[in-house]
Trainee: 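Quick one: structure below, then a few questions.
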Amino acid sequence: MNLMVFGAPGAGKGTQAKFLTERYNIPQISTGDILRAAIADETAMGMEAKKYMDAGKLVPDSTIIGIIQDRLAQDDCANGFVLDGFPRTLKQAQALQKLLDDSGKKLDKVLSFDVPDSQIIERIAGRRVCPKCGASFHVQFNPPKKEDVCDYCGDALIIRKDDNVDTVKNRLEAYHAQTAPLIDFYKDLGIFAPIDGAQELHLVTKDMFEALV
Ligand code: AMP
């Protein structure tokens with residue numbers, strides 16, 4: 001199963017992607033997590049990407065497409081994957097189509113979580129993430145079992161540097177200007193599945209799995 005979770009920052013992509021990885025035993029490929037790992041490792045690519053990320057802007061397409069090309073070629077993607085946070089521009093979407101075509105694969109479904117901007121700001125304000133495994137929680141709507149500890153790997157949860165009101169506004173602007181146009185791209189391919197992402201978390205998960213039967 002080759003899947004994509006789609007939506008604005010804070011729409012629930014990462015959280016729902018985790019459920020998909022558990023059910024289908026496929027890896028979650030989050031370009032944001034890969035970039036944050038590169039920053040933690042202080043690689044040249046990470047240091048360059050950090051400038052864009054801290055400002056809430058998109059990292060250049062060439063960097064992102066290179067990351068995805070390498071990641072999709074790894075063995076664990078042979079039986080499927082969940083793309084999370086990629087593609088974010090039309091150029092990335094076209095590059096993905098070519099990569100998949102070249103390897104005789106196709107995307108099965110784009111699961112799109114629709115959440116109003118006002119709710120996004122509230123969600124991001126309460127978001128806590130795991131720097132080790134990338135899991136995402138919310139202090140009120142999706143709290144970890146133990147305060148500030150990751151349910152999945154036990155690491156201490158943190159607040160992401162770009163989860164502040166000013167940066168979130170830029171990230172939402174980038175989403176509407178550069179990423180939202182992809183909705184039509186995937187509708188035209190007949191694989192776009194819109195989901196009401198503003199519902200309670202378990203109802204979003206239920207709708208997501210229903211969209212896959
Ligand atoms: P995310 O964790 O998906 O919210 O991504 C965090 C930040 O990483 C974004 O605000 C961008 O600066 C950068 N980023 C992640 N994925 C992409 C992508 N596909 N294209 C461009 N920038 C990206």
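Just so you know, these numbers use all the heavy atoms, side chains as well, and skip hydrogens, waters and symmetry mates. All ligand and atom numbering here is 1-based and tracks the order in the structure.
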Trainee: Do side-chain atoms of R128 reach the backbone of P144 as a donor and acceptor pair under 3.5 angstrom?
Mentor: no
Trainee: Using a threshold of 4.0 angstrom between heavy atoms of the protein and any atom of ligand 1, which residues qualify?
Mentor: T31, G32, L35, R36, M53, K57, L58, V59, I64, G85, F86, R88, Q92, R160, D162, R171
Trainee: Check this for me: does any side-chain nitrogen of one of R171 and D163 sit under 4.0 Å from a carboxylate oxygen of the other?
Mentor: yes
Trainee: Please output the side-chain donor-acceptor pairs of residues 35-46 that fall under 3.5 Å, not counting sequence neighbours, one pair per line with the distance.
Mentor:
{"unit_1": "R36", "atom_1": "NH2", "unit_2": "D33", "atom_2": "OD1", "d": "2.9"}
{"unit_1": "T43", "atom_1": "OG1", "unit_2": "A38", "atom_2": "O", "d": "3.4"}
{"unit_1": "T43", "atom_1": "OG1", "unit_2": "G46", "atom_2": "N", "d": "2.9"}

Trainee: Please examine the side chains of R160 and M53, heavy atoms only from C-beta on, and report whether any two atoms are closer than 4.5 Å.
Mentor: no
Trainee: Test your reading of the model: is there a side-chain donor-acceptor pair from R123 to the backbone of A11, 3.5 Å cut-off?
Mentor: yes
Trainee: Is it the case that the side chain of K13 and the backbone of G7 share a donor-acceptor pair, with hydrogens and angles ignored and the cut-off at 3.5 Å?
Mentor: yes
